[in-house]
Amino acid sequence: MRLKGILLITLLMLSLLLVGCLKVDEAQEIDRIEFEKFDINNIYYLQKIEQEKLLINVHYKNGNSKTVGFKTALCLQGFKTDELGEQTLILKIDGKILKIKYEVKQKEIAKIEFVCNAGVKYLKDEKLTGKLILNVFYKDKTKQEVNASEFVNFDSSKLGDYTKSFEYGGSKFNYNYSVVDVTTLYAPTNLHYSNNTLGWDSVDFAEYYLLNIDGKEIKVTQNFYKIVEDFKRVKVQAKADSKFFKNSLAVDFKKEYTVTFPSVIGVNISAKTQKVEVGNSLSFNASASVGYDSNFIVSANGQSLTPENNVYTIKNIESNIDIKVSAPTLSVYNVRVIHNDFCAITTSKTQGNYNDSVTLNFAVTEGIDYTGATIKINDKVVPFKERISLSLTQNVVVEAQNIKPLTFEVVINKNGVLFESKSIVYNQTFNMDFTLENVKMIIVDGIVLEGKKVVITNIKEAHNIEIFY
């Protein structure tokens with residue numbers, strides 16, 4: 001009996017407790033809810049609502065109230081602002097599902113600014129990068145930032161330049177971009193070195209340059225670099241860490257040294273002062289000018305050079321070179337005369353230098369036959385002249401040729417018949433004795449000769465002798 005009594009009491013207490021709970025539920029029936037510091041009646045298109053931070057004041061019909069967070073309320077369908085018009089917010093509070101109606105409105109827009117990385121380049125099949133932002137300014141002086149990426153029909157499947165258009169808030173906008181391949185940077189050009197500074201022309205899209213100075217790498221962002229220490233060789237490469245570019249080829253620059261050449265009278269030098277890259281060789285020709293002897297000496301920085309066929313070579317140049325050439329001596333030319341018994345030759349000088357003037361005189365003598373006479377000067381034969389002037393360019397040998405004395409014929413006829421004709425040299429004497437012959441008469445040049453001896457002196461013309469027996 002005692003046990004039954006205990007059970008009855010327990011059941012009675014549980015019944016009373018259950019009845020009390022039902023009364024609480026009925027007493028805690030939700031009358032309304034309110035959002036704290038959030039106006040559900042003024043929600044605008046694309047408005048950003050930080051739902052997780054919202055607080056909800058729950059008011060019960062019995063006058064009680066409590067505040068719960070948006071998470072605690074168990075949001076089954078949150079705020080949606082990307083569509084205009086009436087929308088539904090679904091919450092679950094105290095196990096009860098609440099459907100709350102709200103309207104998404106469009107604010108009156110004052111202006112819209114499109115903020116984007118316009119003109120950006122993309123690799124083929126690359127996804128849209130960066131933010132495309134619409135800054136929307138309303139007439140109530142509020143501002144809203146809208147992500148425009150979802151409005152752009154972006155496509156990078158093909159190379160080319162593109163313009164994508166879209167509309168928002170009654171305004172039209174364009175987004176420009178290019179789809180490109182990976183490009184190799186151009187190699188640096190116009191490398192030059194002056195005042196210990198190496199420079200080059202800037203390379204488009206290069207972010208920096210990598211210098212290798214005799215094996216030592218240096219990174220520079222400008223298109224020049226001052227090299228304090230001595231060097232022989234520099235490699236310059238344009239680089240960009242961007243995905244769009246490959247590094248350029250490395251360009252060699254070798255330090256240049258000056259090879260200085262002199263100007264020397266009497267020596268022909270084929271080279272002029274010039275720059276030569278380190279380690280290179282330089283050949284040049286040096287020969288005596290006409291009228292000068294080849295007795296000059298060529299030296300490089302004080303060291304004599306030995307030529308091969310007048311060609312001098314400086315090998316492996318690693319410093320500035322100063323070429324010196326000693327002055328050659330003037331060539332001396334001789335004038336030699338081959339004497340002729342019938343023509344005396346005199347010369348104004350027997351020796352001279354190049355281009356010196358020499359006068360040759362050839363004596364003209366009475367009784368000499370100059371018909372067909374010539375003058376031979378070395379291998380050249382010219383008609384006879386009494387005077388010839390020439391410039392010395394070599395040794396000279398002079399000779400008068402084909403010169404002979406004049407001769408005259410003495411014709412002897414006997415009884416009207418030609419007996420003999422003798423050639424007598426100019427100014428010589430003809431002598432013939434007919435004493436032993438039975439001669440009746442001798443006529444010389446039309447004049448009857450007394451006696452039988454014919455003597456004609458200083459012959460200067462032809463003579464005729466007639467002898468009669």
Audit row: Asn174, Ser165, side-chain hydrogen bond (donor to acceptor under 3.5 Å, both in side chains) steps and yes/no: CA-CA 4 Å; Asn174 293 325; Ser165 300; 2.6 Å; yes
Heavy atoms of other groups near Leu249 CG, more than 12 under 6.0 Å: no
Distance in Å, Asp94 CG paired with Lys92 NZ, rounded so as to fall on 0.5 Å steps: 11.0 Å
Note, Ile375 side chain near Val381 side chain (heavy atom, < 4.5 Å): no
Derivation and outcome, side-chain hydrogen bond (donor to acceptor under 3.5 Å, both in side chains), residues Asn334 and Gln351: CA-CA 4 Å; Asn334 296 313; Gln351 280 188 338; 2.9 Å; yes
Residue pair Asn378 / Gln394, side-chain heavy-atom distance below 4.5 Å: yes
From CA spacing to verdict: salt bridge (charged side-chain N to carboxylate O under 4.0 Å, His left out), Glu113, Lys111: CA-CA 7 Å; Glu113 291 180 353; Lys111 67 175 181 176; 3.5 Å; yes
Pair Lys107 + Asp140, salt bridge at N-O below 4.0 Å: yes
Tyr193-Phe231 aromatic ring centre distance below 6.0 Å: yes
Nearest-0.5 Å distance that lies between atom CG in Asp161 and atom NZ in Lys121: 9.0 Å
Working for side-chain hydrogen bond (donor to acceptor under 3.5 Å, both in side chains), residues Asp322 and Thr260: CA-CA 5 Å; Asp322 187 21; Thr260 304; 4.9 Å; no
Test item: Asn320 side-chain N/O and Thr258 main-chain N/O as donor-acceptor pair under 3.5 Å: yes
Asn295 side chain to Thr329 backbone, donor-acceptor under 3.5 Å: yes
Side chain proximity check, Ile377 to Ile388, heavy atoms < 4.5 angstrom: yes
Under-4.0 Å salt bridge between Glu207 and Lys239: no
Stepwise salt bridge (charged side-chain N to carboxylate O under 4.0 Å, His left out) check, Arg233 with Asp252: CA-CA 7 Å; Arg233 180 178 180 181; Asp252 265 345; 2.4 Å; yes
Pairing of Glu145 and Lys143 as salt bridge, 4.0 angstrom limit: no
Whether Tyr175 and Phe114 hold their rings parallel, tilted or perpendicular, with breakpoints at 30° and 60°: perpendicular
Between Ser156 and Asp125, a side-chain donor and acceptor under 3.5 Å: no
Step-by-step salt bridge (charged side-chain N to carboxylate O under 4.0 Å, His left out) determination, Lys124 to Asp181: CA-CA 7 Å; Lys124 189 173 179 295; Asp181 270 335; over 6 Å; no
Glu399 bridged to Lys376 by N-O distance under 4.0 Å: no
Between CG on residue Leu98 and CG on residue Leu91, distance to nearest 0.5 Å: 6.5 Å
Minimum-distance pair of heavy atoms, taken over all atoms of Ile213 and Glu229: CG2-OE2, 4.3 Å
Any Ile33 side-chain heavy atom under 4.5 Å of Ile100 side chain: yes
Between Tyr186 and Phe205, ring centroids under 6.0 Å: no
Validation row: Gln47, Ile49 side chains within 4.5 angstrom (heavy atoms): yes
Check: Tyr168 ring centre within less than 6.0 Å of Phe173 ring centre: no
Derivation and outcome, side-chain contact (heavy atoms from CB on, under 4.5 Å), residues Asn285 and Ile269: CA-CA 6 Å; Asn285 179 284; Ile269 303 173; over 6 Å; no
side-chain contact (heavy atoms from CB on, under 4.5 Å) evaluation trace for Leu282 with Tyr257: CA-CA 11 Å; Leu282 177 65; Tyr257 293 102; over 6 Å; no
Salt bridge Lys172-Glu167, side-chain N to carboxylate O under 4.0 Å: no
Tyr122 ring center within less than 6.0 Å of Phe244 ring center: no
Lys/Arg N to Asp/Glu carboxylate O, Lys164 vs Asp155, below 4.0 Å: no
Distance, nearest 0.5 Å, that separates CZ of Arg336 from OG1 of Thr350: 12.5 Å
Close side-chain approach of Tyr102 and Asn41, heavy atoms under 4.5 Å: no
Tyr292-Tyr354 aromatic ring centre distance below 6.0 Å: no
By side-chain contact (heavy atoms from CB on, under 4.5 Å) - contacts of Phe224 (at least two apart): Thr197, Gln222
Side chain Ser270, main chain Phe284, donor-acceptor under 3.5 Å: no
Test item: Glu29 and Tyr60 side chains (from C-beta on) under 4.5 Å apart, heavy atoms: no
Interatomic spacing from OG in Ser263 to NZ in Lys272 - rounded to 0.5 Å: 10.0 Å
Evaluation steps, side-chain contact (heavy atoms from CB on, under 4.5 Å), between Val234 and Asn212: CA-CA 5 Å; Val234 180; Asn212 187 310; over 6 Å; no
side-chain hydrogen bond (donor to acceptor under 3.5 Å, both in side chains) between Lys99 and Thr88, intermediate numbers included: CA-CA 6 Å; Lys99 293 183 179 182; Thr88 302; over 6 Å; no
Expected output: side-chain Gln51 to main-chain Phe79 donor-acceptor under 3.5 Å: yes
Between Asp293 and Ser331: side-chain donor-acceptor atoms closer than 3.5 Å: yes
From CA spacing to verdict: side-chain contact (heavy atoms from CB on, under 4.5 Å), Cys343, Ile368: CA-CA 9 Å; Cys343 182; Ile368 302 300; over 6 Å; no
Donor-acceptor contact below 3.5 Å, side chain Asn196 vs main chain Val228: no
Donor-acceptor under 3.5 Å (Asp356 side chain, Asn353 main chain): yes
Cationic N near anionic O, under 4.0 Å, Lys219 to Glu217: no
Residue pair Ile109 / Val136, side-chain heavy-atom distance below 4.5 Å: yes
is_close_aromatic(Trp200, Tyr209), centroid dist under 6.0 Å: yes
Main-chain N/O of Ala286 paired to Asn268 side chain as donor or acceptor, under 3.5 Å: no
Polar contact flag, side-chain donor to acceptor under 3.5 angstrom, Tyr138-Gln144: yes
Ser391 backbone acceptor or donor facing Ser357 side chain under 3.5 Å: no
